[in-house]
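Scope of the values below: all heavy atoms of this structure, side chains included, with no hydrogens, waters or symmetry mates. Within every chain, numbering begins at 1; the chains are lettered A, B, ... in the order of the sequence lines, protein sequences first and strands thereafter.
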2 protein chains.
Amino acid sequence: MLQVAFAYAIQCVVMDTLSLRARKKLRTRQALVDTALRRFAEHGFDATTLDDLCDEVEVSKRTFFRYFTSKEDAALAPTHDLWAAFLAELHTREAVDGATVLEMLRDTLLAALAAMPADGWTERVAQSRRLAAVTPSMNAHGLQFCDRTTRAVITVLRERFGYPEHDLRVRLVVDMALAAYHCALDEWVFRPGPASRDELAACLHEAFAALPGSVTLQGPGH
Amino acid sequence: MLQVAFAYAIQCVVMDTLSLRARKKLRTRQALVDTALRRFAEHGFDATTLDDLCDEVEVSKRTFFRYFTSKEDAALAPTHDLWAAFLAELHTREAVDGATVLEMLRDTLLAALAAMPADGWTERVAQSRRLAAVTPSMNAHGLQFCDRTTRAVITVLRERFGYPEHDLRVRLVVDMALAAYHCALDEWVFRPGPASRDELAACLHEAFAALPGSVTLQGPGH
DNA sequence: GACGCAATTGCCACTGAGAGGCGTAATGCT
DNA sequence: AGCATTACGCCTCTCAGTGGCAATTGCGTC
């Protein structure tokens, strides 16, 4: 009786957002990501086998591959979340008159960053990046993911704002934004001090601001 | 007798550059790259097993991995050659007064391009890029290699020209050059018409020239 | 020109990532 | 409660990549 009432309460509170099944999947997924990040950090990416990982989370390897396409994929999940939010934001964002594309990309990225979950997301990206820095295969997967995302962004920009296909600048500006992102991320992760979300935003501002000066950076003569 | 004379001639011509052993290694390596590129193009990267490949070249799989670190590595060899030449050139190149770093990187890249072997190198890079475009794991390896190279370039720039560690612009400008390279390469490979070396140089000039305008590219308002 | 030495190769066995088929269990819907 | 759907686990298989060890081949020397 009490259980029924309780179940009903749950239903009222959560049911309209997610079903039991969906919540369970989310929990499993999250457990896999967390455990993966922890074990990879403790014993190294290569030294951790999927069997170990799956044993701890108590899922079969078969199931693991229903959630992630590869071992690397699980460890890169936090980054994927950010870029998914970025693309969503890019679709809906209004154009601001007089703004450059670079500014728009920066602001879209900052908006995506603000949309990330509050519970430990920053720790997870930081951990993920630290792992990627010492794990070639993770780095490779991450870069390949960025490349895919880049192409998606270019497509959106062309569709929404009607840039011609042959204009190289669209691709170049997106790659610049990506460079600034990577630069900011490394700055944020490997610099001493706490790695808060606001710090990352500050690093992003700094990196994007440094872009114009990079083009005209003088050689050793000056 | 004639054989001796012949052997001596060979010795005079080639010996001072490469020993028999070294030539044999080079031949094996080249055969592996060529066969790999051809088979990957014919049947697809994933559908081609290393056993198939090694059978054709008549080398054991063990030996394959003494030449290349991975299946992808073999297919990306042409690109690796270019960047190796780029780094070598960057070490020896004199600084030009009044030139920007971006210009220097462009010219260094063009010099490296000119240093590539005449015998079918262009065909091999083109083929390699075409494969990477449809093969995620190859693309990932390629990008990871570019990333490593990028860091090496940054180190050289800092050492030779004394940029401070904390100056983000060094990294950003190298990433810009890399973006221009990728842009030019895709333009060159996927555009109709012949893919000659001069064409690639032209694409590189075009892409590098488009960089400054990309920073200030205006949004849809205009 | 035969020798020993070092480098290169082939064979074999092994690990771990990843894919796929199929039966079973849990969940959602009526 | 009953049925349909979805998710999961077990098993098997392929293939990339590693390491040990013995055999071969090229190199320098006497």
Side-chain angles (χ1 to χ4, degrees), chain A residues 3-4 7-8 10-11 14-32 36 39-40 43-76 135-138 140-141 144, chain B residues 1 3-4 7-8 10-11 14-32 35-36 39-40 43-76 135-138 140-141 144:
Chain A
Q3 277 182 356
V4 174
Y8 181 76
I10 290 282
Q11 207 169 359
V14 188
M15 196 60 177
D16 55 338
T17 45
L18 289 175
S19 70
L20 198 166
R21 188 176 268 172
R23 267 176 289 144
K24 236 181 169 177
K25 284 189 69 172
L26 232 72
R27 246 207 325 271
T28 306
R29 189 190 166 82
Q30 198 59 49
L32 282 170
R39 291 194 78 111
F40 293 165
H43 313 111
F45 181 85
D46 295 318
T48 309
T49 67
L50 281 181
D51 291 311
D52 294 344
L53 175 58
C54 291
D55 276 356
E56 183 168 335
V57 187
E58 288 177 309
V59 280
S60 71
K61 217 170 61 171
R62 186 77 172 84
T63 296
F64 176 91
F65 284 105
R66 289 195 179 96
Y67 283 89
F68 303 102
T69 61
S70 69
K71 196 178 165 187
E72 292 84 4
D73 192 34
L76 289 167
T135 312
S137 77
M138 260 189 74
H141 270 74
Q144 150 76 3
Chain B
M1 202 71 93
Q3 276 183 359
V4 174
Y8 180 74
I10 290 280
Q11 207 168 356
V14 187
M15 196 57 176
D16 56 339
T17 46
L18 287 175
S19 70
L20 198 166
R21 193 178 264 172
R23 268 178 287 144
K24 235 181 170 178
K25 284 189 71 172
L26 230 68
R27 249 209 321 272
T28 306
R29 189 190 167 81
Q30 199 58 50
L32 282 169
T35 313
R39 290 194 79 111
F40 293 166
H43 314 110
F45 182 86
D46 294 318
T48 308
T49 67
L50 282 182
D51 291 312
D52 294 344
L53 174 59
C54 291
D55 277 356
E56 183 169 335
V57 187
E58 287 178 309
V59 172
S60 74
K61 214 171 62 171
R62 187 74 175 84
T63 296
F64 176 90
F65 283 105
R66 289 197 180 94
Y67 284 90
F68 303 102
T69 62
S70 68
K71 195 177 165 188
E72 292 83 6
D73 191 34
L76 290 167
T135 311
S137 77
M138 259 188 75
H141 271 73
Q144 150 76 2

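Between Lys61(B) and the phosphate of dG10(C), there is no side-chain N or O to OP1/OP2 separation shorter than 4.0 Å. Contact annotation: Ser60(A) reaches the phosphate of dG9(D) (side-chain N/O to OP1 or OP2, under 4.0 Å). Dashed line: the shortest gap from a side-chain N or O of Tyr67(A) to OP1 or OP2 of dC8(D) is under 4.0 Å.
Note that OH of Tyr67(A) is 5.5 Å distant from NZ of Lys25(A), once rounded to the nearest 0.5 Å. Rounded to the nearest 0.5 angstrom, Phe40(B) CZ and Glu72(B) CD are separated by 8.0 Å.
With sequence neighbours left out, the side-chain contact (heavy atoms from CB on, under 4.5 Å) criterion links Val57(B) to Ala31(B), Leu32(B), Thr35(B), Leu53(B), Val59(B). Checked against side-chain contact (heavy atoms from CB on, under 4.5 Å), Ala22(B) has the following partners two or more places apart in sequence or in another chain: Leu18(B), Ser19(B). Under the side-chain contact (heavy atoms from CB on, under 4.5 Å) criterion, Phe65(B) pairs with Leu50(B), Lys61(B), sequence neighbours left out. Under the side chain to side chain donor-acceptor pair (under 3.5 Å) criterion, Asp55(A) pairs with no residue, sequence neighbours left out. By the side chain to side chain donor-acceptor pair (under 3.5 Å) test, Thr28(B) is found to be paired with no residue, residues two or more places apart in sequence or in another chain being considered. In this view, Thr135(B) satisfies the side chain to side chain donor-acceptor pair (under 3.5 Å) rule with no residue, not counting sequence neighbours. For Asp52(A), the side chain to side chain donor-acceptor pair (under 3.5 Å) partners at least two apart in sequence or on another chain are Thr49(A). Thr69(A) pairs by the side-chain contact (heavy atoms from CB on, under 4.5 Å) definition with Asp73(A), not counting sequence neighbours.
Atom CZ in Arg27(B) sits about 15 Å away from atom P in dT8(C), given to the nearest Å. With rounding to whole Å, Lys71(B) atom NZ is found 14 Å from dG18(C) atom P. Whole-Å rounding puts the Lys24(B) NZ to dG10(C) C1' distance at 14 Å. Whole-Å rounding puts the Arg23(A) CZ to dA7(D) C1' distance at 16 Å. Atom CG of Leu32(A) is separated from atom P of dG9(D) by 10 Å (rounded to the nearest Å). Atom CG of Leu26(A) and atom P of dA7(D) are 13 Å apart (whole Å). Residue Phe65(A) contributes atom CZ, which lies 14 Å from atom C1' of dC13(D) at whole-angstrom precision. Distance Asp46(A) CG to dG17(D) P: 12 Å, rounded to the nearest Å.
Looking at residues 48-59 of chain B, you'll see Thr48(B), Thr49(B), Leu50(B) sit with a heavy atom under 4.0 Å from some atom of DNA chain D.
Comparing the start and finish of the helix from dG1(C)-dC30(D) to dT30(C)-dA1(D), five pairs each, the helix axis swings through 30°, to the nearest 10 degrees.
When every heavy atom of Phe64(B) is checked against every heavy atom of Cys54(B), the shortest pair comes out as CB-SG, 3.8 Å.
Side-chain contact between Gln144(A) and His141(A) is absent, with no heavy-atom pair separated by less than 4.5 Å.
In this structure, Arg62(A) and Thr69(B) both approach DNA chain D, and ranking their closest nucleotides by distance from the 5' end singles out Arg62(A). Mapped onto DNA chain D by nearest heavy atom, Phe45(B) and Arg66(B) fall at different nucleotides, with Phe45(B) at the one closer to the 5' end.
Here Phe68(B) lies out of heavy-atom contact (under 4.0 Å) with every strand.
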Grab the N/O contacts between the protein and nucleotides 2-7 of chain C below 3.5 Å, and write none if there aren't any.
{"residue": "dA7(C)", "atom": "O4'", "partner": "Arg21(B)", "partner atom": "NH1", "Å": "3.3"}

